[in-house]
Amino acid sequence: FLAFSTAFFSRLVATAGAPSEVNFVHLAVVPAASLYVVMSSRSQNFKRLRAAQGLLLCLLLFFFMVVASALFSQAGLINIALSYLLWMEAYIFLCALVYISLSSERLEKMKAWTIKISIFHIGLALLQKVLLDAGVMKATKMNIVPDNVQGVFYLSGGGHVIAASVSIAFAIYCISLPKLSLPLKAGIAIASIVQLVSADAKQVLLVALVSWVLLILTKVTDLKKVLIYGVIAALSLAVLLWCMENLDSFRGFNTWVRPEIYGPEGEARLLKLSSIRIIRSYHEDVFSWLFGLGPGHTVGRLGGWMIIK
């Protein structure tokens with residue numbers, strides 16, 4: 001819980017006045033706590049151990065990939081460490097969770113804790129929206145008001161997108177819980193959608209819909225599940241289209257319905273794929289394609305946001 005909190009609440013703590021370095025504490029705490037769990041685990045569950053070992057193997061392979069890229073591009077050790085942790089920290093934490101042998105009581109406590117902090121996050125985001133509209137809160141360096149609806153990730157560059165992603169994922173998780181009442185599930189789902197619309201995080205909804213389609217495709221062997229997921233997806237899409245046509249708060253989604261922006265010279269295509277063109281322009285030989293340009297040298301979180309020119 002402590003390790004997770006250092007990542008989940010670090011932006012709020014920094015916004016409250018703590019030194020900005022608190023945002024990086026989780027990069028040390030989460031791996032350390034995860035390593036302790038893995039080393040001290042006494043789990044005898046074969047499926048659990050096999051899954052954890054698979055994760056460890058993938059983590060190790062990715063580490064060698066980062067090191068190889070760094071050696072080829074002459075990147076520093078700090079680039080290797082930070083790049084690896086920024087990409088893999090969540091999977092390191094997941095590996096530790098798989099290793100832990102939880103009793104049913106501890107598992108229920110973890111679920112309850114997850115629900116409480118997620119509801120707090122959604123509530124905080126909606127409160128930010130109300131205060132921004134009322135003029136009590138001012139738009140910060142993110143001059144567009146919806147970009148400031150960030151929940152616990154307040155005052156981070158892409159906080160509104162991260163916040164909406166967390167809320168939508170939490171809503172889907174709640175819907176899958178049989179013990180939660182229908183009104184509570186509906187309330188959480190509606191609140192999450194309101195947050196997404198308030199933050200104008202359209203890409204989150206797009207990713208969710210694409211993921212839904214991929215989930216349906218993975219269930220092609222189970223015709224019943226395919227039909228259930230397909231009907232729900234079709235109804236959800238119909239509701240979204242109706243909202244786009246009839247509700248002002250959904251008007252922003254109509255920016256997608258412009259075929260000209262997806263053409264060879266379309267604004268969306270040129271803008272969204274510009275990073276690929278820029279990176280390719282620095283490729284000198286086949287090894288650049290194989291090893292990349294090095295951790296922290298391109299447009300990732302490390303190179304694009306954390307390293308000052």
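Counting from 1, the numbers follow the sequence of the chain as shown.
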Lys185: partners by salt bridge (charged side-chain N to carboxylate O under 4.0 Å, His left out), with sequence neighbours left out:
none
For Leu273, what are the other residues in its hydrophobic cluster, where any two members join if their side-chain heavy atoms are less than 4.5 angstrom apart?
Ile276
Just wondering, do Asn148 and His160 contact through their side chains at under 4.5 Å, heavy atoms?
no
side-chain hydrogen bond (donor to acceptor under 3.5 Å, both in side chains) filter on Glu108, not counting sequence neighbours, yields none
Check: Gln195 side chain, Ala163 main-chain N or O, donor-acceptor pair, under 3.5 Å:
yes
What's the spacing between Ser211 OG and Ile168 CD1 if we round to 0.5 Å?
11.5 Å
Taking side-chain contact (heavy atoms from CB on, under 4.5 Å) as the definition, give me every residue that meets it alongside Ile117, ordered by chain and number, with sequence neighbours left out.
Phe4, Phe8, Phe9, Trp113
Could you name each residue pair satisfying salt bridge (charged side-chain N to carboxylate O under 4.0 Å, His left out) that touches residues 286-300, not counting sequence neighbours?
none
Keeping to residues at least two apart or across chains, list the salt bridge (charged side-chain N to carboxylate O under 4.0 Å, His left out) pairs with something in residues 193-217.
Asp200-Lys202
What distance separates Ser288 OG from Tyr282 OH, expressed to the nearest 0.5 Å?
12.5 Å
Spatial distance of atom OG (Ser236) from atom CG (Leu209) [nearest 0.5 Å]:
7.5 Å
With sequence neighbours left out, which residue pairs that include part of residues 124-136 fulfil the salt bridge (charged side-chain N to carboxylate O under 4.0 Å, His left out) condition?
Lys129-Asp133
Looking at CD1 of Ile122 and OG of Ser118, how far apart are the two atoms once the value is rounded to the nearest 0.5 Å?
6.5 Å
Looking at side-chain heavy atoms only, is the closest gap between Leu85 and Ile92 below 4.5 Å?
yes
Please name all residues satisfying side-chain hydrogen bond (donor to acceptor under 3.5 Å, both in side chains) with Asn23, sequence neighbours left out, ordered by chain then number.
none
Does the Arg48 side chain pair with the main chain of Ile100, one donor and one acceptor, at a distance under 3.5 Å?
yes
Please identify each residue that fulfils side-chain hydrogen bond (donor to acceptor under 3.5 Å, both in side chains) with Asn246, with sequence neighbours left out.
none
Mind running side-chain contact (heavy atoms from CB on, under 4.5 Å) on Leu97 and Met110 for me, showing each step along the way?
CA-CA 11 Å; Leu97 285 180; Met110 179 178 288; 4.2 Å; yes
Ignoring hydrogens and angles, write down the donor-acceptor pairs under 3.5 Å from the side chains of residues 173-184, residues two or more places apart or on other chains.
residue: Ser176; atom: OG; partner: Tyr173; partner atom: O; Å: 2.5
residue: Ser181; atom: OG; partner: Leu184; partner atom: N; Å: 3.4

Once you round to the nearest 0.5 Å, how far does CG of Leu237 lie from CD1 of Ile232?
13.5 Å
Same cluster for Tyr91 and Leu27 if Ile/Leu/Val/Met/Phe/Trp/Tyr side chains link at under 4.5 Å?
yes
Would you say that Leu49 contacts Tyr99 through its side chain, given a criterion of any heavy-atom pair below 4.5 Å between the two side chains?
yes
Check whether any side-chain heavy atom of Leu77 sits under 4.5 Å from a side-chain heavy atom of Ile80, and report yes or no.
yes
At what distance, to the nearest 0.5 angstrom, does CG of Leu240 lie from CZ of Phe250?
7.0 Å
For residues 279-291, pull every pair meeting salt bridge (charged side-chain N to carboxylate O under 4.0 Å, His left out), keeping only residues two or more places apart or in separate chains.
none
Could you give the side-chain donor-acceptor pairs of residues 55-71 under 3.5 Å, partners two or more places apart or in another chain?
residue: Ser69; atom: OG; partner: Phe291; partner atom: O; Å: 2.6
residue: Ser69; atom: OG; partner: Gly294; partner atom: N; Å: 3.3

Between Ser192 and Ser167 (side chain of the first, backbone of the second, donor and acceptor by atom type, cut-off under 3.5 Å), is there such a pair?
yes
Checking Gln128 side chain against Gln150 main chain: does a donor-acceptor pair fall under 3.5 Å?
yes
Within the structure provided, determine whether Tyr154 and Leu124 are in side-chain contact (heavy-atom separation under 4.5 Å).
no
